[in-house]
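Here's the structure, in structure tokens; my notes come after.
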Amino acid sequence: MTRCVVLLSGGLDSMLAIRIMQEQGIEVEALNFKTMFTCCQDTSAQAARALNVPITVVGQEEDYLDLIREPQFGYGKGANPCVDCRIYMFQRAYKFMETVDAQFIVSGEVVGQRPMSQKRSDLKVIANYSGLEDLLLRPLSAKVLEPTKPERDGLVDREKLYDFQGRSRKGLIALAREFGFSEDMIPTPSTGCSLTEPGFGSKVHDLIQIQVDDTRWDYEILNLGRHFRWDEATKVILGRDEKENDRLEYIHTMPEATSTAILEPASFTGPSALITGPATSEAVEYAVGLVCRYGRVADGAENRVQVSTADKSYDVVASDNRRAAEDQTIASLLIR
Ligand code: SF4
């Protein structure tokens, strides 16, 4: 029995790649790669169900952050090191392929579809650096690429593969309909990865360039709140709604947290804030100002903010701090 591993993101391309293999009677094991920056597990599980294939989800390991910090092949528009990330994914897929006794790997990549990782030269780099070489088949663009080993060995009929190139989805959608995909099986395009978003990317670049001793926790918290860079060692992170305030409170209690203080409005409604790095009196004063700036303080009232560090908890009266934070041009310290 011919068996392959297909990288399934849940997007249309990888679903079509699975279907093309099934049309040739090839058994498919789907593999979804999850990082702390991706969110496609639900869609990939749904896609696997719709296509009736088993799916395994693998997560990033500790070394994944090294390629975010220093990618060999650079970043896209955000902080997305897509070529390095694809190499990393395919290296894991290679190991998985051996454990499930599959003969080759399949991906839904289309030549020229994504500027960062699907140029013809990128596809070659990814195949070479992952160690897969010609065990990596891209059925949607196979006819415009060199024949791979499964094609040469007759495991896959090259004549029944495709020659898609470029960014248009028209042909892919037509193929999906030909295969009988219902309209709700055809997902809208999405990277599902926050590293590609410029705003999120700025926060990642800020960590990499300014806070050289960053930890996994520092990356995890990037998904939460507004981030203000106070100095090289210190940030203030502000919740944007109640859910984020609760989440900040929880994440502050984690053993690996690098936050040193949590601030909560004591006499008005407003955001919670975390300070990461040393909670100096200047940093606390600035954070108190931010809590007021984004909270509903009453003019002329005594607005108090509770500050809790590892060894003490105290209230700060905020009216002067509020002005101080405004004077320090809050917006210029917001990482965006
Ligand atoms: S979009 Fe994100 S998950 Fe996808 S290849 Fe790029 S960095 Fe990796």
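All ligand and atom numbering here is 1-based and tracks the order in the structure. FYI, the numbering just counts along the sequence from 1. Quick caveat: nothing in here was measured; it's all calculated off a predicted structure.
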Exercise for the section: Over 60° means perpendicular and under 30° means parallel, so classify the ring planes of Y64 and Y88, tilted if in between. Expected result: perpendicular
Practice task
With heavy atoms of R86 as the reference, note each atom of ligand 1 found under 4.0 Å away.
Solution key: 5 (S)
Fill in the blank from the handout: Quick look: T38 vs ligand 1, heavy-atom contacts under 4.0 Å, and the answer is side chain
Problem - Test salt bridge (Lys or Arg N to Asp or Glu O under 4.0 Å) applied to D63 and R92, R216, R69, the passing residue - result: R92
Problem - Close approach of T196 to ligand 1, heavy atoms, under 4.0 angstrom - result: yes
Exercise for the section: State whether a side-chain donor-acceptor pair under 3.5 Å links N128 with S130. Expected result: no
Handout entry: C193 backbone or side-chain N/O/S under 2.8 Å from atom 8 (Fe) of ligand 1
Key = no
Handout entry: Residues D206 and R229 bridged, charged N to O under 4.0 Å
Key = yes
